[in-house]
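Structure record follows, encoded as C-alpha cells.
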Amino acid sequence: MATRTTTIRQIVNMFVVLEAENKMFEFKEIYTAYLKCRRLKRNTINALKFEQNLLENLCDLETSLNDKTYTFKRGVCFITNSPKMREVFAADFSDRVVHHIIVPLLEQIYEPKFIYDSYSNRKDKGIHNATKRALHFSRGSKYYLQLDIKNFFYTIDKDILYTKLQSMLVKTFHLVKGTKIKLDEMLWLCEKIIYQDVTKNVILKGTKSNFLKIPSHKTLFKVDKNKGLPIGNLTSQFFANVYMNDFDNFVKRELKCKRYIRYVDDFVLFENSKEKLLELYKSIVKYLSDNLALKLRDRYILKENKDGLDFLGYIIRPHYVLTRKRVVNNYKYKKAKYLSRYDELKGKMDFEEIKQFLSVQASFLGHIKHANSYKLKQTVGVINEIDPFSFDRN
C-alpha cells in the first residue's frame, strides 16, 4: 500500500510539472481536494469505485472543470430518522471532490466576515463550543429567547443566496490565495452548484412508503425549484452560513445584542429583560421576511436561564449542563438492542456489529463528557471497550 501511495504521489508531481500554465483548475488542487474528501469516505463504495481509476477520474475532473463541461454525477437520496425523519441527498464522490475545492477558497473570504458566535460547520466551533458559550451567556443574563427558522434548508431562496455570494466575490475574490482560479470560473461553479436540481438523475434508496411519509414542505421533490438546498452536501452547510451572515451581523451590530448564538437555523438571544427580548423578536421576524424570505416557527421559547435552555442535545443552566433525556434514551435503546442481539446469538456476534455498537457508545460518551455526567455514566452502564464480552448489564 505504501508503495502504491508513493507511486501515485510521484505521478501527481509529474502532472504538476507538465501542467499548462493557463489552467484555472490545477491538477494538484484537485488532488488535494480528493485527499480531504476521502478522509471520512475512504471505505465507502462510492469512494472505492473512484479510487479504482483514480488518475483517470482526477484528469476527467480537471478537464471538465477547465473547459466548463463539468456535469454532476448521479447522487443518492435516502431518508434518515435521526434525530427526526428527513430527506438527505448524498452527492457522488467526484462531486464531493469539487465541493472540497471551492469551500476552502470561499472560507478565506467569509471566515473574517462571519461573527464569532456562529458555530455550525466551522473550524474550531461546533456543538460543544456553542454549548460552552451558551453556558457563559446564561451566567451573565437573566432570560433567553430561543428561536428557529421554519423549514430552513427547504426555504432558502437560491436567487438571494447567489446574489449575496456574487456581490461578496466581486469585491473580495482577489484576496484569495493559493489558486489560479479566477472570479469568472468561481462564479460559474458556485452558480452551477446552487442552482443544481438534485431531484433529477438521483437514485432513491429506501422504501417508497418512507418517502411518502415526508411532508410536502420538507422535500425538495415538491418545493419550488428556485428554493432549497440539499441536506448532506458540504456546500449546502457552508452556503447556509453565507445566507445567514448578514442576519447574524444585523442582530449583533444593529440590534446590539451582544449575547447571541446561532447553530444552523437554531439561535438564542440572552438579555436581562423580557421586554427587550420581545422587541428583538419583532425586529428579527421583519428582517427575516423582508431580506431572506424566511419565517420563524410560530412557537418561540422565552424563559429564565435558571429554568434551563434545551440546546444542541444539552440542558444548559447557569451553573451546570445536563445531557438531554432523548440523547440518553436513544443510547439506552441501542444498548438494549445490542444486548438482545448478543443473547440471541449466544455471544457469537459478527465483529462488525460489535464495532458498530462500540462506535455508537464512543459517540455517546464523547457527547456526555461535555456535561455534568459522572452519575449518568454510572447509571446507564457502559460496555467495556477493550473486551466487548465483559460488560455491565445494568
Side-chain angles (χ1 to χ4, degrees), residues 37 40-41 44-47 49-50 64 69-100 102-103 106 120-121 147-166 188-244 247 263-266 288-289 291-299:
C37 186
L40 297 176
K41 301 291 179 182
T44 62
I45 294 175
N46 212 224
K49 186 178 179 181
F50 188 88
S64 63
T69 58
Y70 167 70
T71 55
F72 301 106
K73 301 292 192 300
R74 198 174 190 189
V76 175
C77 178
F78 60 92
I79 305 299
T80 178
N81 293 297
S82 179
K84 56 187 176 182
M85 181 173 279
R86 63 179 183 177
E87 172 188 88
V88 177
F89 285 86
D92 183 81
F93 187 83
S94 63
D95 295 328
R96 289 175 182 266
V97 172
V98 175
H99 297 169
H100 278 272
I102 70 165
V103 169
L106 292 173
S120 59
N121 307 299
L147 307 167
D148 67 326
I149 297 170
K150 188 176 182 180
N151 305 322
F152 176 57
F153 276 99
Y154 303 97
T155 53
I156 288 176
D157 187 292
K158 294 181 179 182
D159 289 340
I160 294 175
L161 171 59
Y162 182 70
T163 299
K164 285 181 175 294
L165 192 67
Q166 182 185 44
W188 163 75
L189 190 53
C190 287
E191 182 179 14
K192 194 173 183 67
I193 291 172
I194 289 171
Y195 287 97
Q196 178 193 7
D197 185 354
V198 295
T199 64
K200 293 183 178 179
N201 193 31
V202 65
I203 300 170
L204 300 181
K205 190 176 180 181
T207 62
K208 184 178 180 180
S209 59
N210 263 352
F211 282 94
L212 292 174
K213 291 177 184 177
I214 300 291
S216 59
H217 59 280
K218 286 186 175 292
T219 170
L220 293 181
F221 288 97
K222 295 183 180 179
V223 301
D224 187 322
K225 293 307 176 185
N226 209 45
K227 298 270 190 177
L229 296 179
I231 294 175
N233 284 356
L234 175 66
T235 47
S236 297
Q237 297 164 5
F238 181 81
F239 288 150
N241 281 335
V242 170
Y243 200 76
M244 295 298 290
F247 170 74
Y263 191 93
V264 193
D265 59 338
D266 194 357
L288 290 173
S289 176
N291 296 279
L292 299 177
L294 296 175
K295 293 182 180 180
L296 293 174
R297 292 188 189 277
D298 296 333
R299 179 174 171 269

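- Summarising the local packing, NZ of K192 is surrounded by more than 12 heavy atoms from other residues, nucleotides or ligands at distances under 6.0 Å.
- With contacts defined as side-chain heavy-atom distances shorter than 4.5 Å, the pair L296/I149 qualifies.
- Residue F152 is tested with I231, D266, V264 for a side-chain contact (heavy atoms from CB on, under 4.5 Å); the sole match is V264.
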(message) As a quick check of understanding, evaluate side-chain contact (heavy atoms from CB on, under 4.5 Å) for I194 and L165, giving each step before the final call.
(response) CA-CA 10 Å; I194 289 171; L165 192 67; 3.9 Å; yes
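- Environment of CG in L212: crowded, with over 12 heavy atoms of neighbouring residues, nucleotides or ligands closer than 6.0 Å.
- Looking only at side-chain heavy atoms (C-beta outward), N201 and F72 stay at 4.5 Å or farther from each other.
- Distance check, rounded to the nearest 0.5 Å: CD1 of I79 to CZ of F211 gives 4.5 Å.
- The line from CE of M85 to NZ of K218 is 12.0 Å long, rounded to the nearest 0.5 Å.
- Pairing each heavy atom of R74 with each of I203, the nearest pair is NE-CG1, 3.5 Å.
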(message) Go through it in stages, so that I can follow the logic: the residues are Y195 and D159, the test is side-chain hydrogen bond (donor to acceptor under 3.5 Å, both in side chains), and I'd like the CA-CA distance, side-chain angles, deciding distance and then a yes or no.
(response) CA-CA 9 Å; Y195 287 97; D159 289 340; 2.5 Å; yes
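- Inter-residue side-chain proximity for V97 and H100 is flagged as unmet; no heavy-atom pair is nearer than 4.5 Å.
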(message) Under the criterion side-chain contact (heavy atoms from CB on, under 4.5 Å), I'd like the reasoning laid out for R96 against N46: C-alpha separation, chi angles, the key distance, then a yes or no.
(response) CA-CA 11 Å; R96 289 175 182 266; N46 212 224; 5.6 Å; no
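- Residues S64 and T71 fail the side-chain proximity criterion, which asks for heavy atoms closer than 4.5 Å.
- Between C190 and L106, the shortest heavy-atom distance links the atoms SG-CD1, 4.1 Å.
- Of the inter-residue distances, the one linking L292 atom CG with T155 atom OG1 reads 9.5 Å to the nearest 0.5 angstrom.
- In plain terms, the two heavy atoms of A293 and K227 that are nearest each other are CB-NZ, 3.9 Å.
- At a threshold of 4.5 Å between non-hydrogen side-chain atoms, the residues F78 and N210 do not count as touching.
- Judged purely by distance below 3.5 Å, without hydrogens or angles, the side chains of Y70 and D95 pair a donor atom with an acceptor atom.
- In this structure the side chain of F221 reaches within 4.5 angstrom of the side chain of L204, judged on heavy atoms.
- Across all their heavy atoms, F93 and C37 have their closest contact at CE1-SG, 3.6 Å.
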(request) List the steps, then state whether side-chain contact (heavy atoms from CB on, under 4.5 Å) holds for F239 with I193. (result) CA-CA 10 Å; F239 288 150; I193 291 172; 4.1 Å; yes
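- A distance of 5.0 Å separates NE2 in H99 from CG in N233, rounded to the nearest 0.5 Å.
- For the pair L189 and I102, the tightest heavy-atom approach, listed with the atom from each and the gap, is CD2-CG2, 3.2 Å.
- Interatomic distance, D265 CG to L147 CG, rounded to the nearest 0.5 Å: 11.0 Å.
- Between L220 and K225, the closest heavy-atom pair is O-NZ, 3.2 Å.
- S94 and D92 are linked by a side-chain donor-acceptor pair at a separation below 3.5 angstrom, with hydrogens and angles left out of the test.
- One finds the OH atom of Y243 at 9.0 Å from the CG atom of L229 (value rounded to the nearest 0.5 Å).
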(message) Go through it in stages, so that I can follow the logic: the residues are Y154 and E87, the test is side-chain contact (heavy atoms from CB on, under 4.5 Å), and I'd like the CA-CA distance, side-chain angles, deciding distance and then a yes or no.
(response) CA-CA 10 Å; Y154 303 97; E87 172 188 88; 4.1 Å; yes
